[in-house]
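What you see below is based on every heavy atom in this structure, not just the backbone, and it leaves out hydrogens, waters and symmetry mates. For ligands, and for the atoms within them, numbers begin at 1 and follow the listed sequence. On a predicted model such as this, the values are computed, not experimentally measured, just so you know.
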Amino acid sequence: MTNGSAAQTPALERHHVIIVGAGFGGLGAGIKLSAKGIDDFVILDRGDEVGGTSRENTYPGVEADIPAVHYSYGHQPNARWSSAFAPGGELFAYAREVADRLELRQKIRFGTEVVSAAYDEDAREWTVEAADGSRFVARFVISCHGALSIPSRPEIPGIDDFEGKMMATQRWDHSYSVAGKRVAVIGTGASALQVIPTIAPETAHLTVYQRTPIWVMPKVNFAIPGALQKVFETVPLSQRIVRSIVSSTTAVAETVAVTHNKRLPYVTKAVAELAKAYLRSQVKDPELREKLTPTYGFGCKRPSMSNTYFSAFERDDVTLETAGIERITPTGIRTVDGNEVELDTIVLATGFKIFGLSYRIAGVGGTDLETQWDAERMASYEGVAVPGFPNFFLAPGPYGVIGFSWFDTIEICVSHAVDMIAKADADGVTRIEADADATAKFVKKMRKRVEHTVFMSPSCNNSNTYYLNKHGDAPYLRPETIVETQFAMRSASKGYVLS
Ligand code: NAP
């Protein structure tokens with residue numbers, strides 16, 4: 001709750017619904033609310049534009065690794081994707097276009113960094129406070145703060161002492177040129193995979209600090225010819241058919257490789273062999289190849305695709321460093337073997353705090369959601385709601401990420417949240433809370449299913465995967481098919497207490 005006086009709090013807005021975040025999740029929630037005729041909502045975002053992760057990730061080479069027809073809203077097709085996998089700039093443009101097309105901008109308060117949301121049991125309302133002291137009060141909150149919104153700054157000794165240029169992939173400084181510079185990239189995840197080959201031709205020397213190698217498959221990317229774009233535009237059904245084929249294929253891939261890995265372990269083993277064959281075709285030096293070969297199972301952490309990553313290490317001006325980093329010095333990086341590399345620039349490609357909440361969420365009795373999850377293991381009802389946090393929906397919460405494409409997750413979580421708000425309104429009730437027993441049942445089912453996923457396979461022991469948290473839980477993905485989830489959502493309203 002706020003503690004400032006009226007004179008200190010510049011603004012107070014009241015709405016029926018507050019949406020946190022104007023990324024694809026928040027925009028999706030706005031679209032669904034409007035479609036249900038719920039127009040009294042506001043979208044809060046700390047940035048100065050829509051697009052969330054697509055706005056912030058502008059590093060060289062940024063590109064989706066999910067096909068564009070699937071990595072977009074099903075209800076807002078874009079016929080003009082230039083290639084099978086959309087470049088980051090096109091995703092950002094798509095977000096802006098959707099916001100304009102659906103007239104969502106008037107609903108958005110940019111430059112509004114949410115710092116807290118607190119539930120008032122007497123009023124049955126949430127008060128959301130921003131960093132500038134402005135406050136927003138609403139009956140309902142849909143939190144679309146995103147899974148990839150808080151950059152993870154590595155705890156490497158000396159990180160604050162570096163006197164050269166340091167930047168994170170999520171905060172790329174385009175006014176700075178890496179051309180002719182001695183550059184280090186720390187990390188070899190999906191972002192590094194794209195940055196490394198893109199900047200390598202420009203830098204004087206590039207040193208890549210790898211802690212855990214990533215599984216990489218070739219990327220079957222191609223330009224979408226203008227004629228095909230025209231077909232998609234004039235016959236939208238054609239793009240919907242392509243989308244269905246892509247989404248069905250990825251759904252099957254996820255089901256066999258991730259969700260049912262325990263029953264079908266040979267699938268990921270076979271894919272790993274294919275990935276190794278690809279690596280062999282790209283890297284001739286056996287020592288280098290060995291360093292780039294993961295020692296954990298395929299799928300334990302997010303694999304990615306690239307046609308240029310491996311070959312970048314064949315360059316004379318690129319070094320792969322696998323000795324652990326001892327410390328960052330004012331002038332470079334020293335590894336545990338005593339080797340020190342002098343640097344002008346350090347790029348942190350060290351990812352995100354995947355499970356982090358970007359603001360404090362206080363439910364009934366002031367209970368802090370992150371503290372509760374930390375102490376009691378992460379839990380939710382249907383990946384969206386949490387007992388003790390009435391009228392509050394996470395899109396997504398624990399066990400809420402469905403399928404390969406973030407847009408599947410948004411579609412399912414946001415639709416459910418909006419349906420429940422509409423139901424509360426229609427029933428004339430002002431409080432809707434996930435039932436504790438229904439939540440326990442859902443979580444039990446999810447944890448049982450997680451036992452069958454690749455994350456629980458012994459092959460993941462040395463993967464350092466962010467899918468597993470400190471409790472040994474893998475609460476990120478909902479280990480079900482999209483069809484199963486859609487089916488479950490049809491009766492999910494039964495798991496709420498309305499009053
Ligand atoms: P990430 O996958 O979490 O990779 C972070 C990398 O930094 C890992 O290699 C990690 O090593 C390393 N690292 C972290 N802390 C370190 C430390 N203290 N010392 C040395 N190395 C350290 O992050 P990301 O590459 O930004 O990708 C995050 C997610 O964004 C992806 O999983 C994907 O979902 C999404 N993404 C998608 C695309 C796309 O094409 N759609 C592109 C980029 C990102 P360990 O593995 O040992 O922890």
Side-chain angles (χ1 to χ4, degrees), residues 23-24 52-54 56-68 70-72 83-92 146-159 167-172 184-198 207-217 219 221 250 254 258 291-292 294-296 299-309 320-328 333-336 346-356 401 403-407 409 460-468 476-477:
F24 285 115
T53 302
S54 75
E56 293 185 351
N57 284 269
T58 63
Y59 59 79
V62 62
E63 187 178 78
D65 59 7
I66 307 285
H70 190 203
Y71 200 71
S72 45
S83 50
F85 295 89
E90 279 186 32
L91 282 169
F92 182 34
L148 305 178
S149 65
I150 315 173
S152 169
R153 191 172 164 85
E155 290 175 10
I156 300 174
I159 190 164
M167 53 186 167
T169 47
Q170 307 92 343
R171 304 279 184 271
W172 197 269
V185 171
I186 302 179
T188 51
S191 302
L193 197 82
Q194 298 179 334
V195 170
I196 290 164
T198 311
T207 310
V208 177
Y209 290 85
Q210 171 186 276
R211 190 165 67 180
T212 313
I214 179 171
W215 283 110
V216 183
M217 295 294 274
K219 193 168 192 174
N221 199 4
T250 55
E254 182 173 26
V258 180
K291 285 182 179 177
L292 288 166
T295 54
Y296 57 88
C300 295
K301 56 201 309 177
R302 199 174 183 285
S304 198
M305 291 176 279
S306 173
N307 301 331
T308 49
Y309 176 67
L320 178 65
E321 181 56 78
T322 53
I325 297 173
E326 185 203 312
R327 70 178 299 115
I328 295 176
I333 294 180
R334 190 162 64 232
T335 39
V336 289
I346 297 178
V347 174
L348 301 175
T350 44
F352 300 82
K353 289 183 183 162
I354 296 285
F355 296 107
V401 175
F404 268 120
S405 171
W406 186 243
F407 286 82
T409 297
C460 290
N461 287 350
N462 59 346
S463 66
N464 205 14
T465 178
Y466 59 62
Y467 288 120
L468 286 172
Y476 187 66
L477 293 178

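- Residues Pro197 and Gln194 come closest through the heavy atom pair CD-O, 3.6 Å.
- For a heavy-atom separation below 4.0 Å, the residues in contact with ligand 1 are Tyr59, Glu63, Ala64, Asp65, Leu148, Pro154, Ile156, Ile186, Gly187, Thr188, Gly189, Ala190, Ser191, Gln194, Arg211, Thr212, Lys301, Arg302, Ala349, Thr350, Gly351, Phe352, Asn464, Tyr466.
- Using bins of under 30°, 30° to 60° and over 60° for the plane-to-plane angle, the ring pair Tyr71/Phe407 lands in the perpendicular bin.
- At a threshold of 4.5 Å between non-hydrogen side-chain atoms, the residues Pro154 and Leu348 count as touching.
- Crowding of Lys291 atom NZ: a count of heavy atoms from other residues, nucleotides or ligands under 6.0 Å exceeding 12.
- Looking only at side-chain heavy atoms (C-beta outward), Trp406 and Thr53 stay at 4.5 Å or farther from each other.
- With hydrogens and angles disregarded, no donor-acceptor distance shorter than 3.5 Å links the side chain of Glu90 to the backbone of Phe85.
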